[in-house]
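Note sheet for the following structure.
As the structure lists them, so they are numbered: ligands from 1, and atoms in each ligand from 1.
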Amino acid sequence: MASSDAQRIVTVSQRGAQRIRAGHVWVYRSDVVEAREVTPGALVTVQEEGGFRARQWSDKSVRPTRAGVARPRVLGSALYSTASEIAVRMVSPKAVTDLGQLVRERIRAAVACRERFVENTNAYRVIFSEADFLPGLIVDRYNDLLSMQVVTQAMDAEAMRGVVVSELREAFNPAAIVERVDPRVRRLEQLAEKASGVIYERALLAGETPVAPESDGGGTSAGAGRGRSALHHPLKDGVGTGAHVNTERQVTTEFQMNGVRFVYEALGGQKTGAFLDQRENYAAAARYGRGEALDVFCYQGGFGLHFAEKCSKVTGVDSSRPALEMAERNAELNAREIEWIEGNAFDLLRDYADAGRQYDSVVLDPPAFAKSKQNLQTALRGYKELNLRALKMLRPGGILVTCSCSYHVSTADLLETVTAAGLDSHRNLRLLENRGAAKDHPSVLGIPETAYLKCLILLVS
Ligand code: SAH
């Protein structure tokens, strides 16, 4: 955050510079030519290698000085990581001197963007890293709780956390802000070990009685599980400079999307709450849902619960028991009866298809099969197999909702794979909708990694 850090210069190769000129914001370490004395997470000025060398004057990237010597071309300001393969994340094509101010403005812009575009829910992604020009910071809102994730050295700095927490408090006045930690990510980024926990809690209103006496973070768990968001005692109001309190305590709330209610456990359960990126796809899929529905890879029941209103019977399948337990709590909250089956989706689909089971609506929303470009072909075989089995079970006029959240699998790849599955199963497929992530997970043109989620809705005859 110190403005002197802005003086540090990182020189990138022409290939790295070209990537930035094409609209991307990352430079990989292999394209960093020089980064002398740059500290972890520093704000740096990025310049292109080779600017000094005389090149063809017709090349606009080289500006001749009066002496006729080319100057280095400055590409803008960036946040630097000394650990990640993504060494440079651009934050502006201009010279940034006050990073705190820039982050404040971008948080406000991200919040305003959701106010414009997010409807029918009190759960959405407030800040999505590069997609909101705040690389390394993710914030989700679940009703009166905010869940924050920090994945870069720059965003992990205490001063930066202070800015983020104060802006979020200003914008939402949340009951609490919880930090979700992925220990693997922190290790890779060479950040100090840390547990998930509450980093800010709103003070009680006058007259409210704390269940537990004010503590200095010594793990009181009294009062968990009741009240509006089950947060019962005030913390010292330290603008969230990292003090972790009561990591064992449950912090829960309830949220809704498209009129369907969900439980949110900020620190319990698995993963990071709901898959908010599917919110608009739930609503779209529910419009077509009919008859008997099978929600494969159902997690906490997102698609299944949305289908429940329209469909005569809904079955959800997942290999994770904690996810299914949460799915059942969600079903109860909505007074729905849904059958949850714990099992391996590949085995179950094969067994069901072999047994001649039939459905009218099937959702396939598997985890990312292609974690890297190298295993794209294996991943596509996985997608094909799943789709083939689902198609075999769909009655004529049925609906297939098929998703991929692998960035490496493009929409074209998925369409080709599903087309092949249609041919093999002798079914005609008509594309009703070709969708992506909800608008609170914007994809930025020029940064293809931000367009990771694909969701096709097909009519099967
Ligand atoms: N459709 C869900 C999100 C699915 S995420 C929603 O909208 O909320 C992927 C899910 O697949 C996870 O819940 C994970 O537990 C589950 N999963 C991963 N491998 C599986 C397998 N082989 N069989 C069944 N479920 C699996």
Tyr142/Tyr264 aromatic ring centres below 6.0 Å:
yes
Test your reading of the structure: does Gln300 have an N or O sitting under 3.5 Å from an N or O of ligand 1?
no
Check this for me - ligand 1, Gln278, N or O atoms closer than 3.5 angstrom, yes or no?
no
Side chain proximity check, Glu193 to Pro183, heavy atoms < 4.5 angstrom:
no
Quick check on contacts: which atoms of ligand 1 are under 4.0 angstrom from a heavy atom of Ser320?
15 (O)
Please confirm whether Ala345 comes within less than 3.5 Å of ligand 1 when only nitrogen or oxygen atoms on both sides are compared.
yes
Please round to the nearest 0.5 Å and tell me the distance separating atom CG of Asp140 and atom CE of Met148.
12.0 Å
Cation-pi geometry met for Arg141 and Tyr124 (6.0 Å, 45°):
no
Gly301 near ligand 1, heavy-atom distance under 4.0 Å?
no
Please list, in number order, the atoms of ligand 1 under 4.0 Å from a heavy atom of Asp365.
1 (N), 2 (C), 3 (C), 4 (C), 6 (C), 7 (O), 9 (C)
Classify the contact between Ala274 and ligand 1 as side chain, backbone, both or neither, using a heavy-atom distance cut-off of under 4.0 Å.
neither
Check each atom of ligand 1 against the heavy atoms of Tyr299 and keep those under 4.0 Å away; list them by number with element.
2 (C), 3 (C), 4 (C), 8 (O), 13 (O)
So is Phe297 polar-close to ligand 1, meaning N/O to N/O under 3.5 Å?
yes
Could you tell me which atoms of ligand 1, counted from 1 in the order shown, lie closer than 4.0 angstrom to a heavy atom of Gly343?
23 (N), 24 (C)
Is the closest N or O pair between Tyr282 and ligand 1 shorter than 3.5 Å?
yes
Pick one: which of Asn120, Thr121, Asp440 meets side chain to side chain donor-acceptor pair (under 3.5 Å) with Arg279?
Asp440
4.5 Å side-chain heavy-atom contact, Asn281 and Val401
no
Parallel, tilted or perpendicular, judged at 30° and 60°: which one describes the rings of Tyr28 and Trp26?
perpendicular
Aromatic plane relationship, Phe297 with Phe369 - under 30° parallel, 30 to 60° tilted, over 60° perpendicular
perpendicular
Could you tell me if any non-hydrogen atom of Pro367 lies under 4.0 Å from any atom of ligand 1?
yes
